[in-house]
Structures are given as structure tokens and as C-alpha cells.
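Below is one structure; the comments refer to it alone.
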2 protein chains.
Amino acid sequence: MPQPLIRPSDGELAILRVLWSRGLSTVREVHDELLKEREMGYTTVLKLMQIMVEKGLVTRDESSRTHIYQAAQGEESTQSCLLNDLLQKAFEGSAKSLVVRALSNTKSSDTELDEIQAYLDLLKARKP
Amino acid sequence: MPQPLIRPSDGELAILRVLWSRGLSTVREVHDELLKEREMGYTTVLKLMQIMVEKGLVTRDESSRTHIYQAAQGEESTQSCLLNDLLQKAFEGSAKSLVVRALSNTKSSDTELDEIQAYLDLLKARKP
DNA sequence: AGTTGTCAACGAAGGGGTTCGTATTTTGTC
DNA sequence: GACAAAATACGAACCCCTTCGTTGACAACT
């Protein structure tokens with residue numbers, strides 16, 4: 001069976017972002033990283049990460065005094081989860097609508113457009 | 001200046017969906033529509049819509065006894081708002097990542113892929 | 001006129017997320 | 001060993017969202 005795939009809250013997502021980019025990390029390391037974006041207490045991050053353990057969003061190694069955390073689900077899986085949620089709730093399940101809206105929204109570079117194009121071609125080629 | 005553009009919650013979004021598709025509606029009409037999807041009390045919808053008035057998500061005509069509501073912001077603006085939010089929080093602002101993830105996620109029909117393709121071409125053509 | 005039905009308004013309660021202060025335990029230093 | 005620093009654990013508080021029961025006003029019907 002596939003993973004449970006839990007939809008993280010905003011605060012949890014901020015922590016996951018740090019874990020994805022840093023890999024194995026302590027609470028202090030995550031806190032230091034988050035401080036670069038906004039002010040928040042150390043225990044706030046700690047509490048959040050403890051809850052995330054219970055939810056299964058992260059795992060931790062408790063063998064040493066300072067616990068070491070890591071994300072339990074990958075960045076791509078989580079992105080898919082959040083995207084699917086938004087897709088159903090705001091786009092009636094139409095991926096096309098979502099993609100077009102996303103493209104019209106932001107100024108993408110030519111390079112990016114080309115990469116999307118390439119991916120589209122790949123998808124089409126795969127079809128029978 | 002552009003509209004404030006408020007990010008609706010899940011419950012609010014469900015109501016907005018009804019208002020977008022129905023146009024001017026009473027609380028009862030919205031409630032009846034939502035009942036098709038899931039069970040919920042009339043006053044629950046009423047309360048939500050009252051709060052949405054305060055937030056500016058909907059407007060209402062109170063001239064008659066049964067108030068008549070309508071969405072204050074368009075569907076597309078709201079989609080953009082939600083999409084931008086997700087873009088920043090889960091995709092580091094990269095529209096390309098988001099689009100690719102969305103495409104890889106869902107089985108889009110050939111027709112849809114073609115439409116996306118056409119939109120891509122349009123975007124490219126607009127570039128200098 | 002009285003009863004029944006519909007509606008808006010209000011308040012309260014519960015759950016989840018976020019924040020942080022405090023207490024406790026462990027580690028390291030003098 | 002005493003003291004300071006660092007980490008975890010715990011619990012409380014707050015806010016937002018959601019849900020609904022109750023109340024009071026208005027309307028319609030008999």
C-alpha cells in the first residue's frame with residue numbers, strides 16, 4: 001500500500017521545507033533556519049515538530065540527547081498531495097484549468113516555458 | 001488599486017463555488033446545493049455566509065427579508081490567489097515545478113494536453 | 001387572531017494550529 | 001560537586017474555522 005500522505009499545515013510545511021533542504025536536522029538547526037524568515041521562539045518549533053512526529057510527518061532518532069529529525073514523506077509526494085487538494089477544491093478537478101491559471105499568473109522565463117514544453121512532449125509521446 | 005483578494009477557507013470556498021455557478025443566491029439555495037455533497041445544517045451555512053460578508057468575500061442585498069448573496073471576487077482571481085499561496089509555500093515560487101508536478105499527477109486527456117500546448121505557444125508568441 | 005413555517009441573528013462549543021512560559025532532565029565546565 | 005547551558009516535555013492560552021441550538025422577527029395560511 002502507498003504511504004498515508006498527510007496534508008501538512010502551513011507551519012508544518014515551513015519545517016518540512018527546512019528538513020528537505022538540510023536533510024537530518026536538530027530542532028535548533030531548523031529553528032535557526034526559520035529565524036531567517038521570521039521571528040519565532042525555539043519552543044514553538046520544538047512543539048510543532050513533536051506534534052509532527054505523532055502525526056507521522058517526520059521521524060526522529062532519539063538515541064542521543066539531542067534528537068535528530070528527518071522528513072517522513074518526500075517533497076514531491078507532499079507537493080502532489082497539496083496540489084490534488086487544491087485541484088479538487090478550487091478547479092473542479094481540471095488539471096488543465098489549474099495549469100493554465102498557474103501559467104497566466106506568473107511571468108515564466110523562456111527557459112522555463114521550454115522545459116514545460118519538453119515535459120508536455122514527453123507525456124504525449126508516452127501515450128499509445 | 002487591485003482588490004484586497006482574500007484567501008478563503010475550505011468551507012468558504014465551497015460556498016463560493018455555489019455562488020459562482022448559480023449567481024445571485026439565497027442562503028437556502030446555497031444550502032440545498034451543498035446538501036448534494038455532504039450533510040450540514042442550514043444555520044451552519046448561514047453563519048459562514050454572514051462571516052463572509054464581514055470579510056468581504058461576498059456581498060448581499062438586504063432590501064427584502066430573505067437576503068440575496070453574491071460572490072465579491074471572481075473565480076479566476078480566487079484561483080490565482082490560492083495558487084500563488086501554494087506556489088510560495090510548497091514550490092519555492094517556481095511555476096515550472098508546480099506545473100510539471102500537476103501534469104505528472106493526473107492523467108490528462110490528449111485533448112487537454114493539446115489545449116495546454118496551445119496556451120504555451122500563445123505565451124511564447126507574446127514574448128519579444 | 002392564532003398557528004405554523006421561514007429567516008436572520010446570536011452565542012456557545014469543539015477542534016486544530018500556533019505560540020510560548022515553565023518545569024525537568026541532561027550535559028558540560030569550573 | 002556546584003553551577004550554567006541546552007534540550008525535551010508539558011500545559012495553557014489564543015485564534016480561526018466549523019458546527020449547531022436557540023431566540024426573535026416576520027410571513028403566510030386557516
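Because only heavy atoms are used, hydrogens play no part in the values below, and waters and symmetry mates are left out as well, while side chains stay in. Below, chains carry the letters A, B, ... as their sequence lines are ordered, and counting in each starts from 1.
- Put simply, Leu35(A) and Val18(A) are part of two different groups of oily side chains (I, L, V, M, F, W, Y) that touch within less than 4.5 Å, one to the next.
- dT19(C) atom P lies 11 Å from atom CD of Glu12(A), rounded to whole Å.
- Donor-acceptor pairing under 3.5 Å, judged by distance alone, is present between the side chain of Lys47(A) and the base of dG11(D).
- In the set dG17(C), dA9(C), dC10(C), the nucleotide with an atom closest to the side chain of Ser9(A) is dG17(C).
- For Ser21(A), there are no side-chain contact (heavy atoms from CB on, under 4.5 Å) partners at least two apart in sequence or on another chain.
- For Thr59(B), the side-chain contact (heavy atoms from CB on, under 4.5 Å) partners at least two apart in sequence or on another chain are Gln70(B), Ala72(B).
- Base engagement by Thr44(B) is indicated by at least one non-hydrogen atom pair under 4.0 Å involving a base atom.
- Look at CD1 on Ile68(B): it is 10 Å from P on dA8(C), rounded to the nearest Å.
- At the phosphate of dG21(C), neither OP1 nor OP2 sits under 4.0 Å from any side-chain N or O atom of Thr43(A).
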- Message: Strictly under 4.0 angstrom, non-hydrogen atoms only: write out the protein contact profile of nucleotides 23-30 of chain D, one letter per nucleotide from the 5' end, B, S or -.
- Response: --BBS---

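- Applying the side chain to side chain donor-acceptor pair (under 3.5 Å) test to residues at least two apart or on different chains, the pairs with a partner in residues 79-101 of chain B are Asp10(A)-Lys89(B), Glu76(A)-Arg101(B), Gln79(A)-Arg101(B), Arg101(A)-Gln79(B), Asn105(A)-Ser80(B), Glu115(A)-Lys96(B), Arg7(B)-Asp85(B), Asp85(B)-Lys89(B), Ser94(B)-Ser97(B).
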- Query: side-chain contact (heavy atoms from CB on, under 4.5 Å) between Thr106(B) and Leu83(A): does it pass, once the steps are laid out?
  - Reply: CA-CA 10 Å; Thr106(B) 63; Leu83(A) 217 35; over 6 Å; no

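- Relative to the side chain of Leu48(A), the nucleotides dT18(D), dT8(D), dT18(C) differ in distance, and dT18(C) lies closest.
- Side-chain N or O atoms of His31(A) include one that pairs as donor or acceptor with a backbone N or O of Met40(A) at under 3.5 Å.
- The side chain to side chain donor-acceptor pair (under 3.5 Å) analysis of residues 38-48 of chain B, with sequence neighbours excluded, yields no pairs.
- For residues 51-92 of chain A, no pair satisfies ring-ring contact (aromatic ring centres under 6.0 Å, His included), with sequence neighbours left out.
- When the P atom of dG21(D) is taken as reference, atom CG of Leu46(B) falls 14 Å away, rounded to whole Å.
- Across the helix from dA1(C)-dT30(D) to dC30(C)-dG1(D), the helix axis at one end is tilted relative to the axis at the other end by 10° (nearest 10 degrees, each axis from five pairs).
- Residue pairs that meet the side chain to side chain donor-acceptor pair (under 3.5 Å) test with at least one member in residues 48-58 of chain B, sequence neighbours left out, are Glu12(B)-Lys55(B).
- For the segment residues 20-42 of chain A, the set of residues with a heavy atom within less than 4.0 Å of an atom of DNA chain D comprises Val27(A), Arg28(A), Tyr42(A), in numerical order.
- For Ala14(A), the side-chain contact (heavy atoms from CB on, under 4.5 Å) partners are Arg17(A), Leu34(A), not counting sequence neighbours.
- Protein atom CZ of Arg7(A) is 12 Å distant from nucleotide atom C1' of dG16(C), rounded to whole Å.
- Clustering of Ile, Leu, Val, Met, Phe, Trp and Tyr side chains at separations under 4.5 Å leaves Ile51(A) isolated, with no partner residue.
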- Is there a side-chain contact (heavy atoms from CB on, under 4.5 Å) between Met52(B) and Leu16(B) once you walk through the steps? CA-CA 10 Å; Met52(B) 289 170 78; Leu16(B) 285 178; 3.7 Å; yes

- Please step through side-chain contact (heavy atoms from CB on, under 4.5 Å) for the pair Thr78(A) and Leu82(A), ending with a clear verdict. CA-CA 6 Å; Thr78(A) 304; Leu82(A) 294 166; 4.1 Å; yes

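- In the region residues 49-63 of chain A, proximity to DNA chain D at under 4.0 angstrom, judged on heavy atoms, holds for Gln50(A), Arg60(A).
- Two residues are said to be in side-chain contact when any heavy atoms from C-beta on lie closer than 4.5 Å; Leu57(A) and Ile15(A) fail this criterion.
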